[in-house]
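These numbers come from the heavy atoms of this one structure, side chains and all, not from hydrogens, waters or symmetry mates. Just so we're on the same page: letters track the sequence lines, and every chain starts at 1.
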Amino acid sequence: MTAIFYISAAIAVVATFLTITRVNVVHSLLYFICSLLATGVMFFVLGATFVAALVVIINAGAIMVLFVFVIMMLNVGPQSADQERARLRPHVWIGPGLLSLLLLIELVYSLGRYHTGVTSGQTVGPQQVGTALFGPYLLAVELASMLLLAGLLGAYHLGRGVMTFMDRKP
Amino acid sequence: MATIPVETGFIIAGLLFLLGLIGVLVRRNIIYILLAIEIMLNAAGLAFVVAGAHWEQPDGQVMYFFVLTMAAAEVAVGLSLVLQMYHKFNTLDANLINRMRG
């Protein structure tokens, strides 16, 4: 099972790298869905089965479908890919890439000095998560529902005038 | 189930987070920026789950649940803002917005 964790971690990192380097936004989305599924396998192997199901259903399912809908509505053509390719020159990404690499080296160095131990390998199932959610975290769950309501109202308000415009476009 | 060193899990989460950070800094298409923010949120959630698996407590999964809720609300509002932006400026380029009387 440990080998499965490392293989899916490698898949997640490679797919995420491909996500941020592709010029076609649909290809990026598919690579990101692949990365999310690999993360789900990592969660399952770590024993977090409830979250593994959640990441497949909500993250790779619902949120990515939202992205696909918006890309279909915007109808970005091949000229968008050319524009992206023109913007993705080395002098654009070399600065942020090097600085982020330095940050990663610092992180690896500072984490490498500790030996906290290993993950338990025990499954923490949906029942324990549910008991925690509706026990000590009850107030946070209520706040999360209010956040979702605010998101719903905000999306409705912002997206109201757009549909008529989309119909007018040829 | 797998037993991996906790630091290894954190390093994988940090790697994914930094890839998302590079995405935000490098790409100028607003949809890519939203995707990269999703990558960063997911990486932070992975760190929570690894820590929760180490102590064998459900709190890490509970935190991932809240991260997921926040990501869903953020994506809904962010994508409607993208639609408004395309409606007003007819472009997805974040750099062009301030040039057009934005």
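B/Phe17 and A/Leu99 fall into different hydrophobic clusters, where Ile, Leu, Val, Met, Phe, Trp and Tyr residues are linked whenever their side-chain heavy atoms come under 4.5 Å apart, directly or through other members.
Only the side chain of B/Leu21 comes within contact range of chain A, judged by heavy atoms closer than 4.5 Å. Of the two parts of B/Asn42, only the side chain, counted from C-beta on, holds a non-hydrogen atom closer than 4.5 Å to a non-hydrogen atom of chain A. For A/Leu152, no part sits under 4.5 Å from any heavy atom of chain B, backbone or side chain. Of the atoms belonging to B/Leu34, heavy atoms from both backbone and side chain fall under 4.5 Å from chain A. For B/Met85, no part lies under 4.5 angstrom from a heavy atom of chain A. Of the atoms belonging to B/Val24, not a single heavy atom falls under 4.5 Å from chain A. Only the backbone of B/Gln57 has a heavy atom closer than 4.5 Å to any heavy atom of chain A.
For the options B/Ile11, B/Asn95, B/Asp93, heavy-atom pairs under 4.5 Å to chain A are most numerous at B/Asp93. Heavy-atom pairs under 4.5 Å with chain A were tallied for B/Ile12, B/Leu68, B/Leu25; the largest tally goes to B/Leu68.
Sorted by first and then second residue, the salt bridge (charged side-chain N to carboxylate O under 4.0 Å, His left out) pairs involving residues 68-82 of chain A (not counting sequence neighbours) are A/Asp82-A/Arg85. Residue pairs that meet the side-chain hydrogen bond (donor to acceptor under 3.5 Å, both in side chains) test with at least one member in residues 17-29 of chain A, sequence neighbours left out, are A/Ser28-B/Tyr32.
At least one side-chain heavy atom of B/Ile31 sits less than 4.5 Å from a side-chain heavy atom of A/Leu74. Between B/Ile4 and A/Leu46, some side-chain heavy-atom pair lies under the 4.5 Å cut-off. Annotation: side chain of B/Val50 is not in contact with side chain of A/Met42 (no heavy-atom distance under 4.5 Å). At a threshold of 4.5 Å between non-hydrogen side-chain atoms, the residues A/Tyr137 and B/Phe65 do not count as touching.
Judged by distance alone, with hydrogens and angles left aside, the side-chain atoms of B/Thr3 form no donor-acceptor pair with the main-chain N or O of A/Thr119 at under 3.5 Å.
Listed here is the closest heavy atom pair of B/Ile22 and A/Pro96: CG1-O, 4.3 Å. Considering every non-hydrogen atom in both A/Ala12 and B/Leu16, the closest pair reads O-CD2, 3.9 Å. Nearest heavy atom pair, residue B/His54 against residue A/Val118, reads ND1-O, 2.9 Å. The minimum heavy-atom distance between A/Ala155 and B/Ser80, with the atom names listed, is CA-OG, 3.4 Å. Taking every heavy atom of both residues into account, A/Leu147 and B/Met70 meet most closely at CD2-CA, 3.8 Å. Of all heavy-atom pairs spanning B/Ile39 and A/Phe32, the tightest one is CG1-CE1, 3.3 Å.
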### Query
Going through the distances and angles, do B/Leu15 and A/Leu107 end up as a side-chain contact (heavy atoms from CB on, under 4.5 Å)?
CA-CA 9 Å; B/Leu15 200 58; A/Leu107 180 75; over 6 Å; no

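Taking B/Glu7 as the reference, nothing meets the salt bridge (charged side-chain N to carboxylate O under 4.0 Å, His left out) condition, with sequence neighbours excluded.
Between B/Tyr64 and A/Phe43, the ring centre distance stays below 6.0 Å.
Salt bridge absent: A/Glu84 and B/Arg28 never bring a charged side-chain N and a carboxylate O closer than 4.0 Å.
Using a 4.5 Å cut-off between non-hydrogen atoms, the part of residues 52-61 of chain A that approaches chain B consists of A/Leu54, A/Val55, A/Ile58, A/Asn59.
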